[in-house]
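Notes to accompany the following structure.
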Amino acid sequence: MLALALVVLPLLVNFLSDDTPDWLTTPALIIPITVCVFAALAYDQLRTPAEALVPTAAVDARFAARLINTTRKTLEARDRGSIDVEAGTVLGPAARLPLTLQPAGEDDGPHRAVSSAAELVAAVVDSRGALSVALVGDPGSGKSTFLRDTTWALADDAAARLDRGEDPVMPVLIDAGSWPSGLDLARHVRQVLQQRSAVPGAAVDRWLAAGTVYLLIDNLSWLPPLRRKKAIEYLNAFRTAYPAVGLLLGVNAESTRAGGAELNLPELVVEPVSAGQVDLHLDRFRGTHDELRSVARDSPALVDVLRTRLFFTTALLAFPDRDGTTMLRLRNGDPRRAIIESYAESMLLRDDRAGSLAAPQARAEREAFLRDLGWIAIQLDRLNSFYLRDYLMVEWIPQRTARRVINLSIGLLVALVVALSAAAIIVPRHPTTGLGVALALFVLLSAFHVPDRTGDTAIPVRTARPRISWSVSEFRRGFRRFGGVVTVGCALFDAHRLYQGLSVWGSLDAGQRQRLLIFAVVAVVSVGALGLLQGAQWGWTDTENWAVGPVVRPFGPFVLRSARWAAYAAAISGLITALVFATGRLLLTAFSADDQSYREVFASLYPAFDGGVLAAAVGFVTVLIVLLSARLEVTVVEARLRDEHLIPSDLPAFLHRATRLALLQRTGGNEYTFSHQILRDHFATRPPGPVGKN
């Protein structure tokens, strides 16, 4: 770009002045500059990076220590919200049901000797991280706990090896929910390590090439089908590109394939827990859980529920022998539902910071809290995501009449404000045009709010980004479109002008010859660019992310964000308007005023640039008002939903409290999800009312 700018600079000067010095366009100036610039660019591309010329052992060891420390901190943060770790802390290691692994399929390899986390860690260390396997099991079977335990053990082993001066195998724990859909796995690993541990990309590339990192990926099953398909394709491509890097994936049994893509990994299946193992482990809690043990003996349904590891630890936490606790309602009721309800309520009772919710007599407040949690679970099922305020749009109002009134009122208000703003900008300079633009904006923005937005989220709205591709076939087909006709017409017009100039070349003076050469250069470049555009194909690619509204908190960052997007819109609209008017003016000049100087031609383009400035001002005001109106809509709808008791009175505080109680977890930004899929599925189908009389 620098070389092109330096070469084209003299030509631009010629456009702006008719009295250009000869030394500015002489080859003695242009050729040395071009050679020097391209030599510098070539040297920059071919030179050996500085970091490759210095010893990296000590630097990589420092980066490895930093990665291990941040991995441990990440695990500590996750353990604070883990049901399994909570049970282990309160009741000891015996609270965890055994997790037995069984290799699936006929594939041979080191994974066939793995039946526990300790054996997997030993296999990973022995193979220097090259062991890749998928851990398959049902929700709640203990996959996430297994991944966390394996990461802890690998981090401890890596720290010990670093202390001994040996090369470690460093674990990298990745949540698939935070994996951007358009990013391949290698780039995502670089991004994660740079953000989480401040490890530079060059060091990450060396680790990937040497196979000294081990990737542990969880929550792949939570991704929507299209996004999971792309993630599986990225995983298979990553294994081909980096065969020395091992992978451990935790997935549900039905999530190993999606949309024709299938994980190319050997599987370790989590063996289901037998009823005998449940009885054996309950016997270890004599004296503290006798009531749970006695009810389990008489209730096969309860034993079947306790075979899920998550429910087993939940029951141990929720039903210790204490005053006022009864398990009788589990005999004839729904054991699964009762255990989850009791776990959620016990979390509230044990939390000193829950305020009135933690009071034993505050049954009504706790029931309201769980009801609101069910409302969030329903929204998660509808949208597969939940944002703090972004989705509180008019679609959420259940009454059709109220929805229409609010939608039309906001639409008319926004359209009126935009129309008045556009008229105030344009009418003083161009009265007729200003009134026409204001009327057009009012009609368009009003019509946008006329349809009834029913809030049907069976197919949620997704975000998309523009995509452009180029091919020879599109280049050929492009000349049959309108753009191709324009390109051919411009080429014929330029060829005709050049033929006229070259036919009288001998009679032209030096200035006329210079202008003809400049015209030839510009003609070739412009027609060549138009020709290249014939092979371009524009489209929209689905980012596979749910649409996020422009609403953020607090209001200051939201205004700055809206102003930034409005500035982008202003620049684009102003530039397009100026170019359209300037191009039209240049064409008229080319046909009617051959003897005009370039200074006079450019002076005639000032009105076009003036129109571009007006268009930019209108675009900025329009986009800014439309974005700010989203905040108005959210405020009105939130007040309406709160008045009808469909959302908590203080939604941010509610989400913060549920996160502290390990019922929800914050996955990034204002996005929240349940700490486990079983909790989400339960609360999404929970009836609005207490469970039983007690």
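Computed from heavy atoms alone, side chains included, the values below leave out hydrogens, waters and symmetry copies.
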side-chain contact (heavy atoms from CB on, under 4.5 Å) evaluation trace for H188 with V192: CA-CA 6 Å; H188 180 54; V192 167; 3.4 Å; yes

In chain order, what residues pass the salt bridge (charged side-chain N to carboxylate O under 4.0 Å, His left out) check against D184, with sequence neighbours excluded? R187

For T487, side-chain hydrogen bond (donor to acceptor under 3.5 Å, both in side chains) partners two or more places apart: Q534

Tell me, which pairs form a salt bridge (charged side-chain N to carboxylate O under 4.0 Å, His left out) where one or both residues lie in residues 520-538, sequence neighbours left out? none

Hits for side-chain hydrogen bond (donor to acceptor under 3.5 Å, both in side chains) against R513, two or more places apart or cross-chain, chain-then-number order -> none

Checking L441 against V437 for the side-chain contact (heavy atoms from CB on, under 4.5 Å) test, could you report, in this order, the C-alpha distance in whole Å, the side-chain angles of both residues, the deciding distance, and whether it holds? CA-CA 6 Å; L441 288 174; V437 171; 4.1 Å; yes

Please enumerate all residues that pass ring-ring contact (aromatic ring centres under 6.0 Å, His included) together with F654, with sequence neighbours excluded. F369

Do you know which two heavy atoms are closest between G434 and I426, and how far apart they sit? CA-CG2, 3.4 Å

Kindly write out the residues that satisfy side chain to side chain contact (heavy atoms under 4.5 Å, CB included) with L412, not counting sequence neighbours, or none if the list is empty. F442, S446

Given V621 and V418, is the side-chain contact (heavy atoms from CB on, under 4.5 Å) satisfied, shown in steps? CA-CA 7 Å; V621 171; V418 170; 6.0 Å; no

The side chain to side chain contact (heavy atoms under 4.5 Å, CB included) partners of A570 (sequence neighbours excluded) come to A616, F620

Which residues pass the side-chain hydrogen bond (donor to acceptor under 3.5 Å, both in side chains) test with T70, not counting sequence neighbours? S197

Contacts of L498 meeting side chain to side chain contact (heavy atoms under 4.5 Å, CB included) (sequence neighbours excluded), chain-then-number -> L516, F519, A520

Just so I know, are the side chains of S409 and V405 near enough to count as touching, which here means a heavy-atom distance under 4.5 Å? yes

side-chain contact (heavy atoms from CB on, under 4.5 Å), that's the test. Do I406 and I410 meet it? Break it down for me. CA-CA 6 Å; I406 294 176; I410 294 177; 3.8 Å; yes

Enumerate the salt bridge (charged side-chain N to carboxylate O under 4.0 Å, His left out) contacts for residues 425-437, please, sequence neighbours excluded, ordered by first and then second residue. R429-D610

A569: side chain to side chain contact (heavy atoms under 4.5 Å, CB included) partners, not counting sequence neighbours: V623

Taking all atoms of both residues into account, what is the closest heavy-atom pair of L508 and G501, and its distance? CD1-O, 3.9 Å

For S573, all residues meeting side-chain hydrogen bond (donor to acceptor under 3.5 Å, both in side chains), sequence neighbours excluded: none

